[in-house]
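Notes follow the structure.
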Amino acid sequence: MIWIGLVFALSPADLAPGAQELAATEARFREVFEAAEATGTAVTQLQSRWVATPPPKDVCDDHDRLALGWRIERFGAAWRESTQALQVQSARLRALQAAPTVAPLVAGEAGAALGVQLGAADALVAR
């Protein structure tokens, strides 16, 4: 009885995704990728500033470095979250790309471009 309810809860797009689902998934992937890339850039810049700023002789007077360390911690956590979201979106896009109803849509140049985007996402996550 529960199985029948699950079947009716599925939409046709869940059973046979098409071009609309591919476009929506690609758009969401790009949004998440851009957010992860921007956050990663911010963390890298903050860490570079941390290294370039020499520590003062009196640690208690180091308010600028303390604020910078706080930002690194917060942006680092945001970067971790955004890269985890990117991993999820990459997995969704790969699964959709492998679907029999979508595979013909991502053949040739479209598939190669998608592969480059997914490779860039993997590199960003590894970083």
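Distance check: W79 CH2 to E37 CD gives 10.5 Å after rounding to the nearest 0.5 Å. Atom-to-atom distance recorded for Q45:CD and Q47:CD is 11.0 Å, nearest 0.5 angstrom. The CZ atom of R94 sits 4.0 Å away from the CG atom of D122 when rounded to the nearest 0.5 Å. Here W70 contributes atom CH2 and L46 contributes atom CG; the two are 11.0 Å apart, rounded to the nearest 0.5 Å.
Across all their heavy atoms, Q89 and T25 have their closest contact at NE2-O, 4.1 Å. Counting all heavy atoms, side chain and backbone alike, F29 lies closest to A121 at CZ-CB, 3.7 Å. Considering all non-hydrogen atoms of both residues, L86 and A36 come closest at CD2-CB, 4.2 Å. Of all non-hydrogen atoms in T39 and F75, the two that sit nearest each other are CG2-O, 3.7 Å. Of all the heavy atoms in L68 and R49, the pair that sits closest is CD2-C, 3.7 Å. Across R127 and T44, no two heavy atoms sit closer than the pair NH2-OG1, 4.1 Å.
No more than 12 heavy-atom neighbours from other residues, nucleotides or ligands sit within 6.0 angstrom of CG on D64.
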Full working for side chain to side chain contact (heavy atoms under 4.5 Å, CB included) between L114 and E26: CA-CA 9 Å; L114 191 58; E26 279 186 282; 3.6 Å; yes
Residues Q84, Q87; criterion side chain to side chain contact (heavy atoms under 4.5 Å, CB included); working and verdict: CA-CA 5 Å; Q84 288 173 345; Q87 284 179 311; 4.3 Å; yes
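Between L93 and L118, some side-chain heavy-atom pair lies under the 4.5 Å cut-off. Residues W50 and R71 form no side-chain contact, since every pair of their non-hydrogen atoms from C-beta on lies 4.5 Å or further apart.
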